[in-house]
Amino acid sequence: MFGPIARNTLRTSTVFGVRLLIQAGTLLIVARLLGPHNYGAFAGLAALAVILGTLSTFGTHIVFLAEMSKTPGKRDTLLPTALGTTLVCGSILFAVYVLIAIALFKRHDIPIEVIASLGFAELLIQPFLNFPSAEHLAHHRVATSQWIMITPLALRLGVAVIIWTAQPATPLLYYAYGYVLASAVALSLTLQRMPQPWPRIRNWRVARLPELRHAAGYAAMNITAAGPAELDKTLATRLLPLGAAGIYAASARVIGAFTLPVIAMMLSALPRLFREGHTHPLKTARLLRWTFVVSLLYSLVLGMAIWILALPISELFGPRYHDIAETLHWLCLALPGLTLRISA
């Protein structure tokens, strides 16, 4: 009755349903814990780290996925290059991130420990989770690949609950420490469960120039995909008072969370697109058209639902976020563009 992409989409959507609950719980707890002012600073810093973090692998995780989808035996050849490139690029980008963050947020007195913790998590730990996830995805274990990416999110929810219970004087600092710790624990647990171990660090190497040229297109695709969804939160901290930026960031996170089924659909289609893109161009074009149509229809239904539920959602955040309902109404207008951008 259902094709493999539809079945994988349903399974992955179930996983993403869990992810949605985790993200919603974390968002509500952290937003209420920090308040609009500190949440605005946190969201801006985290968004900047996520944007730069998309370049840490320099697209090698997508090269790894593409090649593994076609020839699984290439794993031991591809992985040392991908890991070595990620380590070097991530280290350089971490230094760049710290300098940019200090310059952007110097007037807000954000502790350097917060900046460093968020940057280390998103630029030097999270990127390595892309490779176990890509390996499972290449073998059509889409749901498993997403459980890997959910693990740090679940651990951050646990951190948020602990901080909410403890109510420390500096919750932003403690959450930043927990943020990087959650990523480190998630990577450690994932590597322990992999059927084949990673190559030793001494065998890692940086990609050569022709390999970098091949991966550069995927690196550009990554940052253009993530940039519009994250850059606005960083810019908001410069263009708006931090309290208003926090309200905007919380609203945008709500909208983004509900686009997860579209991401599930695209992840389910990726291995087939890589495998058949050159050999069956007509079938691939038809598949792409269907993904765009489904994405658009979903966004229209979702937009109407969020418009109706905007006020109850705002009440979940508490009285300090009373402007979220109006912001959600405006962001509903952007939903078709958001879902089509994900598909594109």
Side-chain angles (χ1 to χ4, degrees), residues 20 23-53 97-98 100-115 117-119 122 156 160 163-164 167-176 179 226-259 302-303 305-338 341:
L20 175 60
Q23 286 183 315
T26 306
L27 173 60
L28 288 172
I29 293 172
V30 174
R32 293 182 69 124
L33 181 69
L34 300 182
H37 186 275
N38 279 334
Y39 184 75
F42 164 76
L45 283 168
L48 177 62
V50 168
I51 293 169
L52 293 177
Y97 164 79
V98 170
I100 294 174
I102 290 173
L104 284 177
F105 291 88
K106 61 183 178 181
R107 62 190 176 96
H108 297 305
D109 296 322
I110 304 299
I112 187 64
E113 295 90 343
V114 173
I115 294 172
S117 295
L118 296 179
E122 292 293 347
R156 287 174 199 159
I163 296 174
W164 177 270
Q167 291 291 318
T170 54
L172 177 58
L173 181 61
Y174 281 96
Y175 185 66
Y179 193 97
E230 300 294 339
L231 185 60
D232 57 338
K233 299 169 190 65
T234 302
L235 290 176
T237 63
R238 298 291 295 173
L239 302 175
L240 302 171
L242 269 187
I247 290 172
Y248 170 78
S251 304
R253 292 295 182 207
V254 170
I255 293 290
F258 283 104
T259 62
L302 178 63
I306 294 178
W307 187 284
I308 295 169
L309 296 172
L311 188 57
I313 290 173
S314 69
E315 291 174 352
L316 292 174
F317 283 88
R320 290 187 292 179
Y321 290 86
H322 64 276
D323 291 331
I324 275 189
E326 184 179 358
T327 308
L328 283 173
H329 284 159
W330 281 105
L331 289 177
C332 284
L333 302 177
L335 262 173
L338 288 175
R341 179 184 60 78

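Note that the numbering runs from 1 along the sequence shown for the chain.
For the atom pair Ile308 CD1 and His329 NE2, the distance stands at 9.0 Å (nearest 0.5 Å). For the atom pair Ile313 CD1 and Ile306 CD1, the distance stands at 6.0 Å (nearest 0.5 Å). A distance of 9.0 Å separates CD1 in Ile163 from CG in Leu173, rounded to the nearest 0.5 Å. Between the CG atom in Leu33 and the OH atom in Tyr174 there is a gap of 12.5 Å [rounded to 0.5 Å]. Between the CZ atom of Phe42 and the CD1 atom of Ile110 there is a distance of 11.5 Å, given to the nearest 0.5 Å. Once rounded to the nearest 0.5 Å, the distance linking CG of Leu333 with CH2 of Trp307 reads 6.0 Å.
With a 6.0 Å cutoff to the six-membered ring centre and a 45° limit on the axis angle, Arg156 counts as a cation-pi contact of Tyr179.
Within a 6.0 Å sphere centred on CD of Glu326, heavy atoms belonging to other residues, nucleotides or ligands number 12 at most.
The minimum heavy-atom distance between Ala101 and Leu45, with the atom names listed, is CB-CD2, 3.7 Å. Nearest heavy atom pair, residue Ala249 against residue Ala43, reads CB-CB, 3.5 Å. Nearest heavy-atom pair across Ala46 and Leu118 is N-CD1, 4.1 Å. Across Cys332 and Gly303, no two heavy atoms sit closer than the pair SG-O, 3.5 Å. Closest approach of Arg253 and Tyr39 over heavy atoms only: CG-OH, 3.7 Å. Considering every non-hydrogen atom in both Asn38 and Leu34, the closest pair reads CB-O, 3.4 Å.
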Check your understanding: When you look at Phe317 and Val254, which way does the side chain to side chain contact (heavy atoms under 4.5 Å, CB included) test go after all the steps?
Key -> CA-CA 11 Å; Phe317 283 88; Val254 170; 3.9 Å; yes
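With contacts defined as side-chain heavy-atom distances shorter than 4.5 Å, the pair Val98/Ile112 qualifies. Within the 4.5 Å cutoff, the side chain of Tyr175 has no heavy atoms near those of the Val114 side chain.
A side-chain donor-acceptor contact under 3.5 Å links Gln167 to the backbone of Trp164.
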